Amino acid sequence: MLFLYGKLQDENKSLRKLVDEKEAEITGLKENVEVLEKRYADLKAARIIGINDNELKDTKQRLTKLVREVDKCIALLGE
């Protein structure tokens with residue numbers, strides 16, 4: 001009986017140690033996720049800022065075209 005008790009205590013200690021290691025690993029992974037999310041947000045912001053003139057001109061032209069099409073549709077509905 002005492003032998004089993006000692007064996008269970010040893011197993012309990014090793015399991016607690018394993019749980020502590022896994023908790024530390026989880027904490028490290030959470031920190032890594034936070035860093036990666038911040039880097040991703042920074043990259044998205046840099047992409048928006050880094051739009052060159054041609055892309056900006058093309059985007060403005062597409063928006064202008066869409067606005068004209070919407071205006072035509074509104075005019076047709078008004079007739």
Side-chain angles (χ1 to χ4, degrees):
M1 198 71 142
L2 290 175
F3 174 74
L4 289 175
Y5 177 73
K7 188 175 180 180
L8 287 174
Q9 278 186 328
D10 292 341
E11 185 179 354
N12 191 11
K13 285 179 187 178
S14 66
L15 289 174
R16 287 181 189 268
K17 182 180 176 183
L18 182 62
V19 167
D20 290 340
E21 290 172 358
K22 294 300 178 185
E23 286 177 351
E25 183 180 353
I26 288 170
T27 301
L29 290 172
K30 284 181 180 179
E31 291 172 358
N32 192 21
V33 166
E34 289 175 7
V35 168
L36 291 174
E37 285 176 345
K38 183 179 180 333
R39 286 178 58 196
Y40 177 69
D42 292 345
L43 285 173
K44 281 185 359 182
R47 174 72 176 120
I48 290 170
I49 293 170
I51 293 177
N52 62 31
D53 290 336
N54 290 336
E55 290 175 345
L56 188 58
K57 184 190 280 187
D58 291 341
T59 303
K60 284 182 181 180
Q61 288 175 347
R62 282 186 287 188
L63 286 174
T64 302
K65 184 178 177 183
L66 286 172
V67 168
R68 275 190 241 127
E69 288 180 25
V70 169
D71 288 340
K72 286 179 187 178
C73 292
I74 291 172
L76 289 173
L77 288 173
E79 291 178 359

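Please read all numbers here as calculations on a predicted model, not as lab measurements.
- Not a single side chain to side chain donor-acceptor pair (under 3.5 Å) links Tyr40 to another residue, sequence neighbours left out.
- When the side chain to side chain donor-acceptor pair (under 3.5 Å) test is applied to Arg39, no partner is found at least two apart in sequence or on another chain.
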Would you mind writing out the side-chain donor-acceptor pairs for residues 62-70 within the sub-3.5 Å range, not counting sequence neighbours?
| residue | atom | partner | partner atom | Å |
| --- | --- | --- | --- | --- |
| Arg62 | NH2 | Thr59 | OG1 | 3.3 |
| Thr64 | OG1 | Lys60 | O | 2.8 |

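- For residues 25-38, every residue pair satisfying the salt bridge (charged side-chain N to carboxylate O under 4.0 Å, His left out) rule, not counting sequence neighbours, is listed here: Lys22-Glu25, Lys38-Asp42.
- Applying the side chain to side chain donor-acceptor pair (under 3.5 Å) criterion to Asp71, with sequence neighbours excluded, gives no partner residue.
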Do any side-chain atoms of residues 3-11 form donor-acceptor pairs under 3.5 angstrom with protein atoms, and if so which ones, sequence neighbours left out?
| residue | atom | partner | partner atom | Å |
| --- | --- | --- | --- | --- |
| Tyr5 | OH | Gln9 | NE2 | 2.7 |

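- Asn12 pairs by the side chain to side chain donor-acceptor pair (under 3.5 Å) definition with Arg16, not counting sequence neighbours.
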